[in-house]
Visitor: 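Below are the structure tokens for one structure; questions will follow.
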Amino acid sequence: MAFYLFPSTPPPKLYNLDPKSLNNTGKAGQECLFFNRIEKVGSQSLMTLLRQLSVVNNFTPYHNQEHIVSPKLLTDDEERDVAEEISEVAEPMSYAEHINWINFTKHDLPKPIYVNMIRHPIQKVISAYYYVRHPTVFGYYVKHRNRKMETREWFDTTFNDCVKQAKIPECIFEPHNDYNADWRRLALRLCGSHPDCKNFNSPTATQMAKQNIEREYAVVGSWEDTNITLTVLEHYIPRFFRGATEMYYSDKSGKFKKNATPHNTELEPEVEAKLKIQFAHEIELYNFCKQRLYKQYIAIKKEELMEKFN
């Protein structure tokens with residue numbers, strides 16, 4: 001387990017970490033888990049887990065309608081409509097949708113319990129690249145999103161070659177490329193619908209997303225750290241995630257690992273070096289989330305860890 005610390009951030013001291021100070025669950029004013037799921041981070045797996053947990057923890061899992069795509073940025077009216085619809089549900093519930101963070105307080109509505117998942121930004125975009133090229137997925141886009149057919153070359157080109165050739169928009173990761181204001185990145189979903197959130201690899205969007213994570217989100221986990229994430233979810237949001245670890249590891253059918261598209265994740269050195277520069281702020285945000293997740297874990301395990309390592 002590694003820490004991703006920024007130069008100005010001192011290493012956390014175990015005895016100073018307090019679970020209560022790192023938990024935003026108590027700020028919620030309604031029994032609603034708001035999972036504005038980021039794409040290609042394993043969000044389908046968490047939705048499946050929530051459906052299973054809903055039976056034993058007595059809540060109703062909701063998700064948005066199929067084939068309806070949320071706009072990149074919501075208007076105030078669109079935000080209010082979503083927030084009001086969720087708040088009108090009287091029963092305990094989880095709600096999952098590919099949608100940007102919504103400020104319920106701005107609309108005079110009680111806060112839900114915010115939760116999300118992340119993945120390394122470069123691995124995320126590689127996954128997205130091959131995901132849309134899977135025959136079943138591409139067929140869905142043609143049928144439901146009116147996408148045009150592509151050439152054989154489009155399907156066969158590797159991600160490494162696509163980045164090096166820089167011929168099609170989805171492989172040109174520059175701020176001025178409008179294509180990059182899409183779902184392939186982290187900051188957009190965590191930042192919200194302010195106009196500054198739309199810019200790709202933006203320091204402003206990154207800082208706004210960090211503020212939301214620190215002040216609003218109960219947990220931002222990652223399947224890269226499955227045990228840590230499940231432990232933190234159970235301890236910080238027990239109303240919805242009690243028994244999550246046992247249920248996850250009792251699965252023998254693979255139902256918690258959906259939408260996994262086989263692909264080559266190895267990057268050529270020149271491509272990796274280029275992407276690390278182009279995704280610098282996205283990687284910064286990713287590291288911020290991972291650091292916070294580790295702090296939350298250490299806070300609930302500090303006695304055990306101090307006894308083990310001191």
Side-chain angles (χ1 to χ4, degrees), residues 2 4 37-46 69 72 98 116-191 198-202 205-206 209 221-226 254 257-290:
Y4 298 86
R37 48 194 288 240
I38 297 171
E39 295 82 351
K40 303 312 298 170
V41 299
S43 64
Q44 189 67 244
S45 298
L46 188 60
V69 182
K72 293 173 184 176
H98 290 311
N116 222 315
M117 300 288 283
I118 58 163
R119 181 182 188 179
H120 192 284
I122 295 177
Q123 290 301 316
K124 178 183 184 303
V125 82
I126 295 173
S127 178
Y129 178 85
Y130 288 107
Y131 177 73
V132 297
R133 283 163 173 74
H134 189 279
T136 302
V137 176
F138 186 79
Y140 165 85
Y141 276 85
V142 170
K143 181 178 180 180
H144 297 288
R145 306 280 181 87
N146 297 317
R147 178 154 188 170
K148 66 179 180 66
M149 291 301 298
E150 297 287 353
T151 64
R152 181 62 182 266
E153 180 185 9
W154 183 85
F155 284 98
D156 292 343
T157 301
T158 67
F159 180 76
N160 282 296
D161 287 340
C162 189
V163 173
K164 288 188 294 185
Q165 294 167 5
K167 291 181 180 179
I168 61 176
E170 66 181 302
C171 294
I172 302 174
F173 303 105
E174 300 289 350
H176 64 268
N177 179 10
D178 288 341
Y179 193 95
N180 290 325
D182 71 356
W183 52 263
R184 295 175 304 156
R185 58 198 184 90
L186 301 176
L188 183 65
R189 296 295 187 217
L190 297 168
C191 178
K198 184 178 180 181
N199 299 328
F200 171 73
N201 198 42
S202 159
T206 298
S222 172
W223 292 122
E224 297 164 342
D225 298 291
T226 300
K257 298 183 180 180
K258 292 184 176 181
N259 283 356
T261 307
H263 60 271
N264 181 12
T265 61
E266 186 175 350
L267 292 174
E268 295 177 13
E270 64 177 287
V271 173
E272 184 175 12
K274 181 179 181 180
L275 292 177
K276 282 183 176 178
I277 295 172
Q278 293 178 323
F279 281 82
H281 292 292
E282 286 282 291
I283 293 172
E284 176 186 338
L285 179 60
Y286 163 82
N287 288 339
F288 177 85
C289 293
K290 293 295 282 284

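The shown structure was predicted, so the numbers you read here are calculated from the model rather than taken from an experiment. Each residue takes its place number in the sequence, starting with 1.
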Visitor: Contact between Val163 and Leu267 at the side-chain level, heavy atoms closer than 4.5 Å - yes or no?
Guide: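 Answer no - side chains too far apart.
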Visitor: Heavy-atom count around Glu266 CD within 6.0 Å, excluding the residue itself: above 12?
Guide: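 It does not: Glu266 CD has 12 such atoms or fewer within range.
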Visitor: For Glu153, is there any backbone N or O sitting under 3.5 Å from a side-chain donor or acceptor partner on Thr157?
Guide: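 Confirmed, Thr157 side chain pairs with Glu153 backbone.
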Visitor: Is the side chain of Arg119 donor-acceptor paired with the backbone N or O of Lys40 at a distance under 3.5 Å, no angle test?
Guide: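 Yes.
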Visitor: Between Asp225 and Ser222, is any side-chain donor less than 3.5 angstrom from a side-chain acceptor?
Guide: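 There is no such pair between these side chains.
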Visitor: Please confirm whether the ring centroid of Phe279 lies under 6.0 Å from the ring centroid of Tyr286.
Guide: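 Centroid separation for Phe279 and Tyr286: 6.0 Å or greater.
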Visitor: Does the His281 side chain pair with the main chain of Thr206, one donor and one acceptor, at a distance under 3.5 Å?
Guide: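 No: the side chain of His281 does not pair with the backbone of Thr206.
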Visitor: Who are the salt bridge (Lys or Arg N to Asp or Glu O under 4.0 Å) partners of Glu272, not counting sequence neighbours?
Guide: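 For Glu272, the residues satisfying salt bridge (Lys or Arg N to Asp or Glu O under 4.0 Å) (neighbours in sequence not counted) are Lys276.
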Visitor: Do the non-hydrogen side-chain atoms of His98 and Arg189 ever get within less than 4.5 Å of each other?
Guide: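 Of all side-chain heavy-atom pairs linking Arg189 with His98, at least one is under 4.5 Å.
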Visitor: Identify whether NZ of Lys or CZ of Arg in Arg133 sits under 6.0 Å from the centre of the six-membered ring of Tyr129 and within 45° of that ring's axis.
Guide: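 So Arg133 does make the cation-pi contact.
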Visitor: Check whether any side-chain N or O of Asn201 sits under 3.5 Å from a backbone N or O of Glu282 as a donor-acceptor pair, and report yes or no.
Guide: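 Yes, the answer is positive, given that a donor and an acceptor are paired below the 3.5 Å cut-off.
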Visitor: Within a strict 4.5 Å, meaning less than it, do heavy atoms of the Val132 and Trp154 side chains meet?
Guide: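 Yes; the side chains approach each other to less than 4.5 Å.
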Visitor: Do the rings of Phe173 and Phe200 sit parallel, tilted or perpendicular, given the 30° and 60° boundaries?
Guide: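 Correct class here is tilted.
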Visitor: Is a donor on one side and an acceptor on the other found under 3.5 Å between the side chain of Lys274 and the backbone of Pro269?
Guide: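 Not confirmed, Lys274 side chain does not pair with Pro269 backbone.
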Visitor: Any heavy-atom pair between the side chains of Leu46 and Trp223 that's under 4.5 Å?
Guide: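 The answer is yes, as the side chains (C-beta and beyond) meet within the 4.5 Å cut-off.
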